[in-house]
Amino acid sequence: MEKQIIRTDNAPAPVGPYNQAIAASGKMLFCSGQIAIDPSTNTIIEGDVQAQTKQVMANLEAVLTASGATWSNVVKTGVFLKDMNDFAAVNSIYASYFDEATAPARACVEVARLPKDVLVEIECIAVL
């Protein structure tokens, strides 16, 4: 299997031993979870879960773009919430990125804690 590391300055640099994304054999793209870090300042953005979700989606979009993919290539997402009561707010932002008829498969779970105590993290898998 051929592995290509995907890196872009338009998304936050990894804060540990992982990459923003890996393209596998030029066919599948595995994007690491993104949180609400502003890549220009390397700090968590201020604001509520909707503001954080917008930044997360912008970060994921930057990684997708760096690999030559778009939202239409995404086949699976994982959404991690600090509080499931934020589901509707996150879903309203998330839904604006996908056509409902062809939206990717998705898992959404509440977790005890997320990196840097953010409110939401989202990862995705895309077909290239």
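As the structure is a prediction and not an experimental result, all values here were calculated from the model. Numbers here simply count residues along the sequence, with the first being 1.
- Looking only at side-chain heavy atoms (C-beta outward), Glu121 and Ser32 stay at 4.5 Å or farther from each other.
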Going through the checks in order, is the side-chain contact (heavy atoms from CB on, under 4.5 Å) test met by Val74 and Tyr97?
CA-CA 10 Å; Val74 175; Tyr97 287 82; over 6 Å; no
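- To the nearest 0.5 Å, the span separating NZ on Lys116 from OG1 on Thr43 amounts to 9.5 Å.
- Closest heavy-atom contact between Met1 and Ala24: SD-CB, 3.8 Å.
- In this structure, Leu119 is not a member of the same hydrophobic cluster as Ile37, with clusters built from ILVMFWY side-chain heavy atoms closer than 4.5 Å.
- Residues Ile45 and Lys54 fail the side-chain proximity criterion, which asks for heavy atoms closer than 4.5 Å.
- Put simply, SG on Cys108 and CE on Met84 are 4.5 Å apart, with the number rounded to the nearest 0.5 Å.
- Taking the side chain as every heavy atom from C-beta outward, Ile6 and Leu29 approach each other to under 4.5 Å.
- Thr70 places none of its side-chain heavy atoms less than 4.5 Å from the side chain of Leu64.
- Dense packing is recorded around CG of Asp99, with more than 12 heavy atoms of other residues, nucleotides or ligands lying under 6.0 Å away.
- Transitive grouping of hydrophobic side chains (ILVMFWY, heavy atoms separated by less than 4.5 Å) keeps Val63 and Val118 in distinct clusters.
- Side-chain N or O atoms of Glu2 include none that pairs as donor or acceptor with a backbone N or O of Gly26 at under 3.5 Å.
- The 12-atom threshold is not exceeded at NZ of Lys3, counting heavy atoms of other residues, nucleotides or ligands nearer than 6.0 Å.
- Between atom CG of residue Asn10 and atom OG of residue Ser40 there is a gap of 10.0 Å, rounded to the nearest 0.5 Å.
- A cation-pi geometry, defined here as NZ or CZ lying under 6.0 Å from the six-membered ring centre and within 45° of its normal, holds between Arg106 and Tyr94.
- Of the options Ile44, Ile93, Val90, Leu114, a side chain to side chain contact (heavy atoms under 4.5 Å, CB included) to Gln52 is made by Ile44 and by none of the others.
- Rounded to the nearest 0.5 angstrom, Gln34 CD and Gln20 CD are separated by 6.5 Å.
- Asp86 contributes atom CG, which lies 6.5 Å from atom CG of Leu81 (distance to the nearest 0.5 angstrom).
- Note: the hydrophobic cluster containing Val111 does not contain Val79 (ILVMFWY, side chain heavy atoms under 4.5 Å, direct or indirect links).
- Within the 4.5 Å cutoff, the side chain of Val120 has no heavy atoms near those of the Ile35 side chain.
- Two different hydrophobic clusters hold Val56 and Phe80 under the rule that ILVMFWY side chains link at heavy-atom gaps under 4.5 Å.
- Of all heavy-atom pairs between Pro104 and Lys76, the closest is CB-N, 3.6 Å.
- For the pair Pro39 and Asn59, the minimum side-chain heavy-atom distance is below 4.5 Å.
- The hydrophobic cluster containing Met28 does not contain Leu60, counting ILVMFWY residues as joined when their side-chain heavy atoms lie under 4.5 angstrom apart, directly or transitively.
- You'll find the side chain of Ser67 stays beyond 4.5 Å of the side chain of Gln4, heavy atoms only.
- Trp71 and Met57 make their closest contact through CZ2-O, 3.4 Å (heavy atoms, listed as atom of the first residue, atom of the second, distance).
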